[in-house]
Asks: 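My questions will all concern the structure given below.
All chains are named by letter (A, B, ...) in the order of the sequence lines, taking the proteins before the strands, and each is independently numbered beginning at 1. Model, not experiment: these values are computed from the prediction.
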Number of protein chains: 2
Amino acid sequence: MRQTKNRVQELEGILREGGVRVTRQRAAILKILAEAEDHPDASELHRRAKEIDATVSLSTVYRTLSALEQQGVVQRHAFENATARFETADAPHHDHLIDIETGAVIEFRSDKIEQLQAEIAAELGYELVRHRLELYCRKRKD
Amino acid sequence: MRQTKNRVQELEGILREGGVRVTRQRAAILKILAEAEDHPDASELHRRAKEIDATVSLSTVYRTLSALEQQGVVQRHAFENATARFETADAPHHDHLIDIETGAVIEFRSDKIEQLQAEIAAELGYELVRHRLELYCRKRKD
DNA sequence: TAGCTAGTTGCGAATGGTTCTCATTTGCAT
DNA sequence: ATGCAAATGAGAACCATTCGCAACTAGCTA
Ligand SMILES: [Mn+2]
Ligand SMILES: [Mn+2]
Ligand SMILES: [Zn+2]
Ligand SMILES: [Zn+2]
């Protein structure tokens, strides 16, 4: 995939500019993150990254994810009683719907809700910095 | 507080009907929960409960909270990197705004957002079972 | 290209909130 | 009062994530 390659180089650039070194291990993790279409957790990312570079340790996966999160390149999600899951922050903001039976994660975005949230915060004398909206659902039958 | 006493007895009734025994320790925890105006975590509840009954252990606090949660009497919240916090489920549904500087938790409710959530789930072919909406904010200056 | 050095790594130990185990106690129906 | 399943306290176990440290290395410098 051509896009993935570009994205990885872009990510590497962001890291280097932030004074973060691009190691063999990090390159592998970035590639895995860039081509992920889902919301993998640390150990799943570890499993995938090892196929590119078998020396990647789980510690490094965690450390790299934290670094990337701090650079604003990766987002961490803590869904209901589950381990943290990650995704690159390149797509525009969205929230998640979780299928409570299969665990599937579906993305959605509602500009109305986004706006209402800001209004609510403002009414209470606050400035909205970030938020978390998760819909836990069951597939509708019939 | 007269209301608190009634509420406690009501809670005890709910437990007994659910086949859950009302022990000395649970009575203490129920009282603490009923009079709590905030969103305490397990160890804070433990601290408070010990003032009523010094024998209450942290294990029992956790066990009782789980039992109460299963009875639908207590709600557990897992705010951003923090320990679980609890509140009685007697008040009508609401969501939370968290002051990221002080940690203060403010309750709010938006019927519009509630409705939009259900609509989004429906559009995606799902039935909304429960959700989590948290606004992480900073107090507006000036 | 070789050297330097601060950032990074793998490993294993530590952390910390929460749950579990188990011997002992206790609520409460009869 | 009695009997027994449910609940308790203490501490061990759990487990995702973070730390500590000695060895390694990315990437700048000469
Ligand atoms: Mn997503
Ligand atoms: Mn609340
Ligand atoms: Zn959103
Ligand atoms: Zn709500």
Asks: Regarding B:T83, tell me which of base, sugar-phosphate or nothing describes its non-hydrogen contacts under 4.0 Å with the strands shown.
Replies: sugar-phosphate
Asks: Taking all non-hydrogen atoms of both residues, which atom of A:A42 and which atom of A:V61 are closest, and how far apart?
Replies: O-CG1, 3.7 Å
Asks: Between A:H94 and A:F108, does the ring centroid distance fall short of 6.0 Å?
Replies: no
Asks: Please give, in whole Å, the distance from C:dC28 P to B:R24 CZ?
Replies: 12 Å
Asks: Tell me what A:R63 touches on the nucleic acid: a base, only sugar-phosphate, or nothing, going by heavy atoms under 4.0 Å.
Replies: base
Asks: Are the charged groups of B:R140 and A:E127 less than 4.0 angstrom apart, N to O?
Replies: no
Asks: What is the distance, to the nearest angstrom, from the CG atom on A:L65 to the C1' atom on D:dA16?
Replies: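 The answer, rounded to whole Å, is 13 Å.
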Asks: Starting at CG of B:L58 and ending at C1' of D:dT8, how long is that distance when rounded to a whole Å?
Replies: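 Between C1' of D:dT8 and CG of B:L58: 13 Å.
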Asks: What's the CG-P distance between A:D53 and D:dC24, to the nearest Å?
Replies: 16 Å
Asks: Distance check needed: C:dG10 P versus A:R26 CZ, whole Å only.
Replies: 10 Å
Asks: Starting at atom CG of B:L45, determine the distance to atom P of C:dT18, rounded to an integer number of angstrom.
Replies: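 Spelled out: CG on B:L45 to P on C:dT18 is 11 Å.
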Asks: Can you work out whether A:T23 or B:T64 has the more 5'-proximal nearest nucleotide on DNA chain D?
Replies: B:T64
Asks: If you check the B:R21 side chain, which of C:dG10, D:dT18, C:dC28 turns out closest?
Replies: C:dC28
Asks: In terms of heavy-atom contacts, does CD of A:Q70 have more than 12 from other residues, nucleotides or ligands at under 6.0 Å?
Replies: no
